[in-house]
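Working notes, beginning with the structure itself.
The figures here come from the full heavy-atom set of this structure, side chains too, leaving out hydrogens, waters and symmetry mates. Order of the sequence lines sets the chain letters (A, B, ...), proteins ahead of strands, with each chain counted from 1.
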Amino acid sequence: MNIKTKKILELLNKEYPNVKCELNYNTPFQLLVATILSAQTTDKKVNEVTKQLFIDYPTVYNFSKLTIPELEDKIRKIGLYRNKAKNILKTVKMLIEEYNGQVPSKFDDLVSLHGVGRKTANVVLANAFNVPTIAVDTHVFRVSNRIGLANAKDVLQTEKDLQKNIPKKDWIEAHHLFIFHGRNLCIARKPKCEICPINRECKYFNQAE
DNA sequence: AACTCGGGGCA
DNA sequence: TGCCCAGAGTT
């Protein structure tokens with residue numbers, strides 16, 4: 001790890017201490033469902049929906065008793081609810097029929113599930129199974145490419161750049177640091193560069209000067 | 001690569 | 001009112 005990368009992670013860690021996944025879950029299955037639900041919405045809204053949902057339907061077998069319209073009704077207010085309800089119940093069926101009711105801990109198995117792409121699979125691997133990954137969502141993509149830790153136009157290449165530039169033991173933490181930073185300061189439209197703790201290290205800030 | 005899904009929070 | 005949000009599937 002070069003000195004710049006180390007400095008960036010240190011400063012972000014100081015700015016956002018004890019970062020972790022903010023989705024509401026108690027089991028790998030609940031994390032999987034919450035992460036599928038989190039596409040194109042906020043974790044806050046997902047938590048509002050899952051709070052009661054995971055009390056009434058805590059396990060994959062409880063979910064298997066839900067009909068699509070019933071689940072749609074319970075997650076309606078987060079948006080994109082038709083696709084999400086359909087995908088979640090398809091995935092529930094697959095988990096029971098092909099994975100003995102367990103959430104698989106291999107990337108290839110996870111992405112074969114309905115509604116699960118690279119980002120969701122990596123979030124589950126990192127947070128439920130403690131497997132080192134960097135889940136590249138819109139925040140991680142924007143932040144890491146602005147800083148200069150990645151130099152890519154697509155998610156997959158950004159993932160590779162970050163894996164090359166950041167030591168494996170820091171992957172999960174780096175993911176959460178970039179998420180927090182992307183929501184708080186390094187926002188999409190008008191990033192607050194003037195009060196950013198890593199602006200001295202940032203390619204985007206220094207180019208804009 | 002472009003298009004679609006989408007209700008709710010916020011300015 | 002209009003813009004935006006921890007993406008994924010389809011064409």
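- Among dG9(C), dG7(B), dC5(C), the nucleotide with an atom closest to any side-chain atom of N87(A) is dG9(C).
- Atom CD1 of I187(A) is separated from atom P of dC3(C) by 17 Å (rounded to the nearest Å).
- OP1 or OP2 of dA8(C) sits under 4.0 Å from a side-chain N or O of T120(A).
- The CD1 atom of I75(A) sits 12 Å away from the P atom of dG8(B) (whole-angstrom rounding).
- Across all strands, I36(A) comes closer than 4.0 Å to no nucleic acid atom at all (heavy-atom distances).
- In this structure, Q157(A) atom CD and dA1(B) atom P are separated by 13 Å, rounded to whole Å.
- Nucleotides dG9(B) and dA8(C), compared at atom P, are 24 Å apart to the nearest Å.
- Between the side chains of T158(A) and N145(A), at least one donor-acceptor pair of N or O atoms lies under 3.5 Å.
- Looking only at atom types and distance, the side chain of E194(A) has no donor-acceptor partner in the side chain of N199(A) under 3.5 Å away.
- S112(A) places a side-chain N or O within 3.5 Å of a backbone atom of D109(A) that can act as its donor or acceptor partner.
- Between the side chain of T50(A) and the main chain of L53(A), no donor-acceptor pair closer than 3.5 Å is present.
- Residues V123(A) and V111(A) each lie close to DNA chain C; by heavy-atom proximity, the contact nearer the 5' end of the strand is made by V123(A).
- Projected onto DNA chain C by closest heavy-atom contact, K119(A) and I78(A) fall at different nucleotides, the more 5' of which corresponds to I78(A).
- Considering only the side chain of R82(A), dG6(B) comes nearest among dG6(B), dA8(C), dC5(C).
- At the phosphate of dG7(C), OP1 or OP2 sits under 4.0 Å from a side-chain N or O atom of Q40(A).
- In this model, the phosphate group of dG7(C) is not approached by any side-chain N or O of R118(A) to a distance below 4.0 Å at OP1 or OP2.
- For L110(A) and dG7(C), the CG to P distance is 18 Å, given to the nearest whole Å.
- Note on L113(A): only backbone sugar-phosphate atoms sit closer than 4.0 angstrom, heavy atoms only; bases stay farther off.
- For DNA chain C, the residues of residues 134-143 of chain A within the heavy-atom distance limit of 4.0 Å (strictly under) are D137(A), T138(A), H139(A), sorted by number.
- Using a 4.0 Å heavy-atom cutoff across all strands shown, K45(A) reaches at least one base atom of the nucleic acid.
- L80(A) has its CG atom 6 Å from the P atom of dG6(B), to the nearest Å.
- At least one donor-acceptor pair closer than 3.5 Å links the side chain of D137(A) to the backbone N or O of H139(A).
- Rounded to whole Å, atom P of dG6(B) lies 13 Å from atom CG of L37(A).
- Residues meeting the salt bridge (charged side-chain N to carboxylate O under 4.0 Å, His left out) test with E22(A), sequence neighbours left out: R183(A).
- Counting to the nearest Å, the C1' atom of dA6(C) and the NE2 atom of H175(A) are 7 Å from each other.
- Taking the side chain as every heavy atom from C-beta outward, L12(A) and F178(A) approach each other to under 4.5 Å.
- Between C196(A) and F205(A) the shortest side-chain heavy-atom distance does not fall below 4.5 Å.
- Remark: the separation of the C1' atoms in dA2(B) and dA6(C) is 23 Å, to the nearest Å.
- A straight line from NZ of K84(A) to P of dG9(C) spans 12 Å, rounded to a whole angstrom.
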